[in-house]
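Notes for the one structure printed next.
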Amino acid sequence: MSTTAIAHPVSSTGIAHTARIFAKETKYEFLKLLRARSFSLAITGFPVMFYLLFGIANRHANNGNIQIAKYMLGSYACFGLVGAALFGIGAGMAAERAAGWLEVKQASPMPPMAYLFGKCATAVAFGLIIVCILTVIGLTMGGVQLTALEFARMLGMTVAGAISFASMGLLLALVIPANAAPGIVNLLYLPMSYASGLWIPIESLPHFVQRTAQVLPTYHLAQLMLSIFGYQNADSLLGHWIGLAGFTMLMLGLSWLLFQRSQQNS
Amino acid sequence: MQATAVLQESYAARIPTVPAPAAIASLDNITKRYKATTALDGLSLSLHPGEVVALLGPNGAGKSTAVRLMLGLASPSSGSVHIFGGDPRDPATRTRVGAMLQVARIPETLRVREHIDLFRSYYPRPLAFEEVVRIAQLQGIENRLFSQLSGGQKQRVLFGLALCGDPDLLFLDEPTVGMDIEARRSLWQQIRSLAARGKTVLLTTHYLEEADALAHRIVVIDKGRIVSEGTPSEIKSQTAGRKIRCRTTLSIDWLRSLSGVTAVEHSGEHVTVTATNAESVVREMLLRDEALSGLEITSPALEDAFLELTSAK
């Protein structure tokens, strides 16, 4: 039934071919995680549940000129997008590596960057979905008022944050054993979120926690997100950008070193 | 070029391999160490165009390591690897190679159709979707999620993914593991038809039966070394007997005529007789030649390998 013509459709030019690989890799990574209920429900469900419990339940509360429901919209947006990046990439890639699936892909001519891009873009997409859901909840149930510009800046910050934490996901995927991955990710993610003021405003946390927050990337991310509403604390925004960028570079650098080392030992 | 092969269903003829001038894939004197263990120990192996080679050996023999080296997934501690004359890691090389590896899990929430679509996109000249489905026998399950497939169906999907690029060289690492006999035989059929289209195939297995059914040439390895190499019939004859080595005046022709003797070799003043019933052959020889001396009876190394194979089952 088949002919040469069917078996070999016209090959596209190099760039278009590569672009199509990136697009398909991203599309299927997203579909894969969307259909994996244990991932997609947990990753959207926890920020939503926490926001309802802590943010919406306190919708009339104010702390000075800070509206708690709006403040928590920003902080749970960070909580959600960090979770999407750490679980989607860290735990997901660790599992694919351990199962040998990564090797099947590496043996194919797939550009390695397409795989990483697909994972990163998917983390961004989940981050955006979570932020949109939280925003709808905040607007409808929390009495939050948001300008279009604020919302657009939130989405932009979500993209930047998801890319930044994708680098941590990548490092975790290279370091942690797959069967322990969800546990280890939680052990890092939950305390880090708490100590950076993602659950409870950082001003309400004990002083020593506030001081140690300075070294946490989630703290810098949260301050940048909150600055959209004018809710950031006294530190300079530039410092937070440097903190977040430095963290990303550190994670990528360590990942690169570990990857090189594992290639040599493989 | 590779593509113009007419798709045909004919059986792969069991042609004794003509030594081809150039190997399309080769491992040259490869040693591969992982920390304390040596997975491959001075292994050399070459694959010629159109050949089906079976790498046969017990678990831990180094079969998968050899495949991983040829796929550029691992690098040798010493020695060199050439695929199509180049580096196996070169993306251009990888467009001509297909691989079915032992995978514990593949993403379960994607459909068979989606997995194939994605893998086809990696190659500049992929095999048509319908062809992948037909050859890997995935008709009727294209829209199932991977998690909904049986073990045999999952293996067939992995086989299909290896075909997506219409590769000239195909690596199949334990392709029929976890398959029932029927599924195994139908995959053998598909491997034969690939060979008939001129594809070069290296498969690993720990079943002699499988190697015998598919391969033009069998390479038996154990503990990272080649134990034996030859056509299936040569390998089978080697597994079937023990070697009797001695100094004797008996003629080679007479020795050959004894029942149970499969081979007689002469080197210096020693004769080596391979026999399936070593005891009765030795009795006969001692009766005929009272001056017979230096008698040794050994099992071929291969037999040891197979003892391990059969006990592993």
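A note on names: the letters A, B, ... follow the listed sequences, proteins ahead of strands, and every chain is numbered from 1.
- To the nearest 0.5 Å, atom CG of residue B:Leu118 and atom NZ of residue A:Lys105 are 4.5 Å apart.
- Both the backbone and the side chain of B:Arg111 come within less than 4.5 Å of a heavy atom of chain A.
- In this structure, the portions of A:Glu103 lying under 4.5 Å from any heavy atom of chain B include both its backbone and its side chain.
- Within residues 27-47 of chain A, the residues approaching chain B closer than 4.5 Å by heavy atoms are, in numerical order, A:Tyr28, A:Leu31, A:Lys32, A:Arg35, A:Ala36.
- Among B:Pro107, B:Ala99, B:Ser77, the residue with the largest count of heavy-atom pairs under 4.5 Å with chain A is B:Pro107.
- Classified by interplanar angle (parallel below 30°, tilted 30° to 60°, perpendicular above 60°), the ring pair A:Trp101/B:His115 is perpendicular.
- For B:Asp90, no part lies under 4.5 angstrom from a heavy atom of chain A.
- Judged purely by atom type and a 3.5 angstrom limit, B:Arg105 has no side-chain atom pairing as donor or acceptor with the backbone of A:Ala98.
- Minimum heavy-atom separation, B:Val103 to A:Ala99: CG1-O, 3.3 Å.
- Of the listed residues (B:Leu71, B:Leu145, B:Leu101, B:Thr93), the greatest number of heavy-atom pairs within a distance under 4.5 Å of chain A belongs to B:Leu101.
- Proximity to chain A (any heavy atom under 4.5 Å) is shown, for B:Leu69, by neither the backbone nor the side chain.
- Interface residue B:Phe119: only side-chain heavy atoms are found under 4.5 Å from chain A.
- The shortest non-hydrogen separation linking B:Tyr122 to A:Pro109 is O-CG, 3.6 Å.
- Counting all heavy atoms, side chain and backbone alike, B:Ser121 lies closest to A:Lys24 at CB-CD, 3.8 Å.
- Each of A:Ala107, A:Gly100, A:Ala95 has some count of heavy-atom pairs under 4.5 Å with chain B, and the biggest count is that of A:Ala107.
- Summarising the geometry, atom CE belonging to A:Met110 is positioned 10.5 Å from atom OH belonging to B:Tyr123; distances are rounded to the nearest 0.5 Å.
- Atoms CG and CG, on B:Leu73 and A:Leu102 in that order, are 9.5 Å from each other to the nearest 0.5 Å.
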